[in-house]
Amino acid sequence: MAAADGPSADLHRDESLGGDDGRRVDAGFLVTVPVRWSDMDVFAHINHARMVTLLEEARIPWLFYDERPTVGLRTGCLVADLQVRYQGQLRHEQSPIEVTMFTTAVRAVDFTVGYEVRPADADPQSKPAVVASTQLVSFDVDTQMPRRMTAEEKDYLRSFLRPDGRGATRTAR
């Protein structure tokens, strides 16, 4: 498993880079993420490894900011699984991108995040250029073991379960 996201310092987006701190929308949590020149491949598409990084950057304001009930995950959260499917092109000139995140499963020690990625000027109902999912595991660094999430963490994550039934919605307390 890989460590998820960044350090445990006070987190807030550097506004000089563009993007935003995100907001709740009907479909989940929406974050605008700037695309850097270095995110592009030789064909002017967003490089696959960089797309994974952009998804990670989108998760930060949703899950790890100080005011979030899930801030405790900042010190222990691992990526157990990652799936990325490209359904269209995303090019550098379409920056910034909009990443809509939601949960498809919330269990005792892990949860699955779904992503839909579109250019910022795209219709929110349009087909996403990228769809992805990440299974994240709550982890205790001191014991090197998964940890049970708190009721507050699970409630917050469950508030983003997709109501349209896409994905698994199995939950456990």
Side-chain angles (χ1 to χ4, degrees), residues 1-71 73-75 77-105 111-137 156-157 159-164 166-167:
M1 288 189 267
D5 309 315
S8 61
D10 183 36
L11 295 177
H12 289 283
R13 185 172 300 281
D14 180 350
E15 293 186 22
S16 68
L17 299 175
D20 62 30
D21 289 334
R23 66 188 184 280
R24 185 183 286 270
V25 295
D26 288 343
F29 194 86
L30 177 68
V31 177
T32 302
V33 181
V35 178
R36 298 164 295 257
W37 184 258
S38 61
D39 293 335
M40 181 173 52
D41 66 16
V42 70
F43 303 108
H45 300 106
I46 298 174
N47 172 282
H48 171 71
R50 298 298 185 133
M51 177 55 67
V52 172
T53 299
L54 295 169
L55 296 175
E56 175 183 325
E57 290 174 7
R59 276 197 310 264
I60 291 170
W62 180 40
L63 298 175
F64 302 121
Y65 276 8
D66 289 337
E67 61 273 9
R68 305 287 186 239
T70 49
V71 69
L73 294 171
R74 205 162 66 187
T75 58
C77 187
L78 302 178
V79 174
D81 186 60
L82 170 69
Q83 305 286 321
V84 181
R85 187 174 67 232
Y86 297 92
Q87 303 183 137
Q89 297 184 44
L90 276 175
R91 303 177 68 81
H92 182 267
E93 65 265 13
Q94 293 174 297
S95 179
I97 58 172
E98 289 187 343
V99 181
T100 303
M101 296 165 290
F102 49 92
T103 55
T104 60
F111 59 101
T112 303
V113 177
Y115 307 84
E116 295 177 347
V117 182
R118 296 174 178 83
D121 61 353
D123 178 343
Q125 300 304 314
S126 66
K127 180 179 178 180
V130 177
V131 292
S133 67
T134 306
Q135 180 188 17
L136 298 171
V137 178
Y156 178 71
L157 294 167
S159 75
F160 292 98
L161 279 170
R162 271 288 170 95
D164 58 14
R166 284 188 281 171

Among pairs that include at least one residue of residues 95-105, which meet salt bridge (charged side-chain N to carboxylate O under 4.0 Å, His left out), considering only residues two or more places apart or in two chains? none
Who passes side chain to side chain donor-acceptor pair (under 3.5 Å) against Gln83, sequence neighbours left out? Asp81
Atom pair CG/CG of Leu82 and Leu136 - distance to nearest 0.5 Å: 9.5 Å
Filter on salt bridge (charged side-chain N to carboxylate O under 4.0 Å, His left out), then keep only pairs touching residues 117-133, sequence neighbours left out; what's left? Glu116-Arg118
Looking only at heavy atoms, the pair that brings Arg162 and Ala27 closest together is NE-O, 2.9 Å
Over all atoms of both residues, closest heavy-atom pair of Tyr115 and Arg59: OH-NH1, 2.7 Å
Looking at every non-hydrogen atom in both residues, tell me the closest pair between Ala58 and Val31 and how far apart they are. O-CG2, 3.6 Å
Separation of His45 NE2 from Phe43 CZ (nearest 0.5 Å): 8.5 Å
All side chain to side chain donor-acceptor pair (under 3.5 Å) counterparts of Tyr156, not counting sequence neighbours: none
What residues, two or more places apart in sequence or in another chain, satisfy salt bridge (Lys or Arg N to Asp or Glu O under 4.0 Å) together with Arg23? none
Looking at Arg68 and Trp62, would you say the former's side chain and the latter's main chain have a donor-acceptor pair under 3.5 Å? yes
Within a strict 4.5 Å, meaning less than it, do heavy atoms of the Thr70 and Phe111 side chains meet? no
Measure the shortest side-chain to side-chain distance between Val99 and Leu54 over non-hydrogen atoms and say whether it is less than 4.5 angstrom. no
With sequence neighbours left out, write down each residue that passes salt bridge (Lys or Arg N to Asp or Glu O under 4.0 Å) with Arg24, or none if nothing qualifies. none
Close side-chain approach of Ile97 to Leu90, heavy-atom, < 4.5 Å: yes
Quick one: closest heavy-atom pair of Asp21 and Pro61, and the distance? O-CB, 3.3 Å
The reported gap from CZ in Arg50 to CD in Glu56 (rounded to nearest 0.5 angstrom) is 12.0 Å
Sequence-distant partners of Val71, side chain to side chain contact (heavy atoms under 4.5 Å, CB included), two or more places apart: Asp66, Arg74
With Gln135, which residues qualify under side chain to side chain donor-acceptor pair (under 3.5 Å), at least two apart? Asp110
I'd like to know if the side chain of Asp39 reaches the main chain of Ile46, judged simply by a donor and an acceptor atom lying under 3.5 Å from each other, with no hydrogens or angles considered. no
When every non-hydrogen atom of Gln87 is compared with those of Arg85, the smallest separation belongs to OE1-NH2, 3.3 Å
Applying side-chain contact (heavy atoms from CB on, under 4.5 Å) between Met101 and each of Val117, Val113, Leu30, Leu63, report the one that passes. Val113
Considering residues at least two apart in sequence or located in another chain, which fulfil the side chain to side chain donor-acceptor pair (under 3.5 Å) criterion with His92? none
Between Met51 and Tyr86, what is the shortest heavy-atom contact and its length? CB-OH, 3.6 Å
Look only at the side chain of Thr112 and the backbone of Ala105, and say whether a donor-acceptor pair between them is shorter than 3.5 Å. no
Suppose we screen for side chain to side chain contact (heavy atoms under 4.5 Å, CB included). Which residues come up paired with Ser95, at least two apart in sequence or across chains? Val35
